[in-house]
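Working notes, beginning with the structure itself.
Throughout, a chain's letter reflects where its sequence line sits, starting with A, and its residues are numbered from 1. Side-chain atoms are counted along with the backbone in the values below, which use heavy atoms only and exclude waters and symmetry mates.
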Number of protein chains: 2
Amino acid sequence: MTVMTSDLGLRERKKQRTRQAISDAAIQLFLARGYDAVSVADVAAAAEVSKPTLFKYFRSKDELILDRIDDHRAEPAQVVRGRSAGESPLDALHRHQLRLLADRDPVTGISDRPQVIAFQRLLYNTESLANALLAYSIEGVELLRDALVEACGPGPHRVTAGLVANQILITTRRLGLDNWAQVAGGRTTEDLYPEAVAAVNHAYALLRGGVGDYCG
Amino acid sequence: MTVMTSDLGLRERKKQRTRQAISDAAIQLFLARGYDAVSVADVAAAAEVSKPTLFKYFRSKDELILDRIDDHRAEPAQVVRGRSAGESPLDALHRHQLRLLADRDPVTGISDRPQVIAFQRLLYNTESLANALLAYSIEGVELLRDALVEACGPGPHRVTAGLVANQILITTRRLGLDNWAQVAGGRTTEDLYPEAVAAVNHAYALLRGGVGDYCG
DNA sequence: TTAGTTTCTTAACTGAGTTAATCTAATGAA
DNA sequence: TTCATTAGATTAACTCAGTTAAGAAACTAA
């Protein structure tokens, strides 16, 4: 007679709890003392597991943090593929970006939740994490390129779709970084939100119409 | 009576030779056996110095490689600042890019020198190096942004110049990566060169005129 | 309950990077 | 030339990230 508390077996539930315990201990310690001042041994001890166990759940120290970031890598490609009939890929991505902003999604760099702010500070102030995040943010280029090719063809040149995908992703990243810089500088979310919307609109206008008007 | 062999003292000359010896040993071993299969201790031994000495000359294992890459980070900003009267920043950058290509500069991804090809393979096939390279390639954004602001003003929105700088640098990187992929796939330089020129021209047309024509 | 499997711990290891004490050798002034 | 100064190197020992192997503990299914 199995207990009905969960669909998964006890073993699976324990694994989930262990993973969560490690992750929680890591975030808490990193936020309290800083990434570099905390060793993985400290995290393991706080989570009451051994070091090898920690590395069975997380591939590296970086991943203890990066795991907490919602995976947006495949999103742009999905947005392009899932757009409504008659909508252009760029319109769909633009609309999606405004949606994320309205939801105050952490990727946009706009959030007033203190935990989120502290977490982002950790991310952007730790070199190895910031580098990993940059790599992460354009990891989806090929996916987006494929989606664009599907939607619009390869374009007039072999490199077109890839270049466009790159521009879109780096622009998204920059917008997020820029908002974060403002928030880190003390701006409030309410204060910043209209500007952030305008920035997204402006960025998409740049993408669509080019930078020729600005700087020749 | 000082010997006239060099302007620098013996001590300084020895330092230069030591640095070179470490760098040479590192590249040679990495190319022969692969980055991960060679330890810094191996490099130090081959260069006949101690490990702490190695780390006095190079901050990390990565830097043993990255040190060999010509520093192009400040170049875009310099190109913009040093452009001839009447030339737009984008035109200057475009021209500069074609110049690098004509010179078969390694950054362009086009080179038929086997050493360069082997070196690039090492760079792009080693995750930590590829990540570092990505970070490196857009490290000059703020410099370029400042140069653009100087040349064209901040633009119609707070974020404009930064977004444009980002797009230019990521585009340059992508062009290089794309060329490298072709070379790595067996294309010859002569074969590829005209395409690469066309790609640069196309990329700058995209930057100038936007992607709107391609994908809405 | 037990056999079989998965997961955990312990202990010891490799490799990157650092630190402190000690030693060597280039330098420059007497 | 000589010698004190000082920059640079070495040795040895250390911290920390990440891995491996052997065995102990515990969930699962019968």
Side-chain angles (χ1 to χ4, degrees), chain A residues 1-23 25-27 29-30 33-67 122 126-129 131-132, chain B residues 1-23 25-27 29-30 33-67 122 126-129 131-132:
Chain A
M1 206 62 69
T2 53
V3 189
M4 296 303 288
T5 47
S6 169
D7 301 29
L8 306 114
L10 171 57
R11 183 169 275 163
E12 204 55 37
R13 270 178 287 143
K14 275 203 171 179
K15 270 171 73 178
Q16 287 185 359
R17 261 186 285 140
T18 301
R19 172 169 243 277
Q20 196 61 43
I22 296 170
S23 181
I27 300 291
L29 286 174
F30 290 153
R33 287 193 243 152
Y35 186 74
D36 292 328
V38 175
S39 72
V40 290
D42 293 337
V43 175
E48 295 185 298
V49 296
S50 68
K51 200 158 56 110
T53 296
L54 185 151
F55 281 112
K56 261 195 64 171
Y57 285 95
F58 299 91
R59 272 183 305 211
S60 66
K61 188 181 181 184
D62 281 7
E63 216 176 89
L64 288 168
I65 295 276
L66 299 176
D67 184 68
L122 197 59
T126 307
E127 199 190 324
S128 67
L129 293 176
N131 277 6
Chain B
M1 206 62 72
T2 52
V3 189
M4 297 302 287
T5 47
S6 168
D7 301 28
L8 306 115
L10 171 58
R11 186 170 275 166
E12 202 56 35
R13 269 179 288 143
K14 276 203 170 177
K15 270 171 72 177
Q16 286 183 359
R17 261 185 286 140
T18 301
R19 171 170 244 276
Q20 196 61 43
I22 296 170
S23 181
I27 300 291
L29 286 174
F30 290 152
R33 286 194 244 152
Y35 187 74
D36 292 329
V38 176
S39 72
V40 290
D42 293 338
V43 175
E48 295 185 298
V49 296
S50 68
K51 198 157 57 110
T53 297
L54 185 152
F55 281 111
K56 262 194 66 174
Y57 284 95
F58 299 90
R59 273 183 305 211
S60 66
K61 189 182 181 184
D62 282 6
E63 215 174 270
L64 288 168
I65 294 277
L66 299 175
D67 184 67
L122 197 61
T126 307
E127 198 191 325
S128 69
L129 294 175
N131 275 6

| query | For A:R59, does the CZ atom sit with more than 12 other heavy atoms under 6.0 Å from it, leaving out its own atoms? | reply | no

| said: Looking only at the side chain of A:K14 (C-beta and beyond, no hydrogens), which of the listed nucleotides C:dT9, C:dA26, D:dC27 gets closest? | reply: D:dC27

| message | By the definition side-chain contact (heavy atoms from CB on, under 4.5 Å), identify the one residue from A:V40, A:L64, A:I65 that meets it with A:F58. | response | A:L64

| message | At 4.0 Å (heavy atoms only), tell me whether A:V38 reaches a base, stays on the sugar-phosphate, or touches nothing. | response | sugar-phosphate

| request: Return the nearest nucleotide to the side chain of B:F55; candidates are C:dG17, D:dA9, D:dT10. | output: C:dG17

| query | Checking all strands, does A:S39 fall into the base, sugar-phosphate, or nothing category for heavy-atom contacts under 4.0 angstrom? | reply | sugar-phosphate

| field | Atom-pair distance (CZ on B:F30; C1' on C:dG15), nearest Å | value | 12 Å

| Rounded interatomic separation in angstrom, taking CD from A:E48 and P from C:dT9 | 10 Å

| field | Distance-only donor-acceptor test (3.5 Å): side chain B:K51, base C:dG17 | value | yes

| message | What's B:T53 touching, base or sugar-phosphate or nothing? Going by heavy atoms closer than 4.0 Å. | response | base

| field | Proximity to the side chain of A:P52 - top-ranked nucleotide from C:dT7, C:dT18, C:dT9 | value | C:dT9

| query | Looking at side-chain heavy atoms only, is the closest gap between A:L10 and A:R13 below 4.5 Å? | reply | yes

| field | Nucleotide C:dA16, atom C1' - distance to CG of B:D42 in whole Å | value | 13 Å

| request: Send over the distance from A:R17 CZ to C:dC8 P, rounded to a whole Å. | output: 12 Å

| request: May I ask you to say what A:Y57 touches in the nucleic acid, namely base, sugar-phosphate or nothing, with a heavy-atom cut-off under 4.0 Å? | output: sugar-phosphate

| field | Spacing of CZ belonging to A:F30 relative to OG1 belonging to A:T126, to within rounding of 0.5 Å | value | 9.0 Å

| query | When rounded to the nearest 0.5 angstrom, what distance separates NZ in B:K61 from CG in B:L129? | reply | 9.0 Å

| Atom-to-atom span, NZ of B:K56 to P of D:dA7 - whole angstrom | 10 Å

| said: Classify A:E63 by what it touches in the nucleic acid, base, sugar-phosphate, or nothing, heavy-atom distance under 4.0 Å. | reply: nothing

| What integer distance in Å separates A:I22:CD1 from C:dT9:C1'? | 13 Å

| task | Take atom NZ of A:K15 and atom C1' of D:dA25, then tell me their distance rounded to the nearest Å. | result | 16 Å

| request: Name the closest nucleotide to the B:R11 side chain, picking from C:dT7, D:dT11, D:dA7. | output: D:dA7

| Whole-Å distance between C:dA16 P and A:K61 NZ? | 18 Å

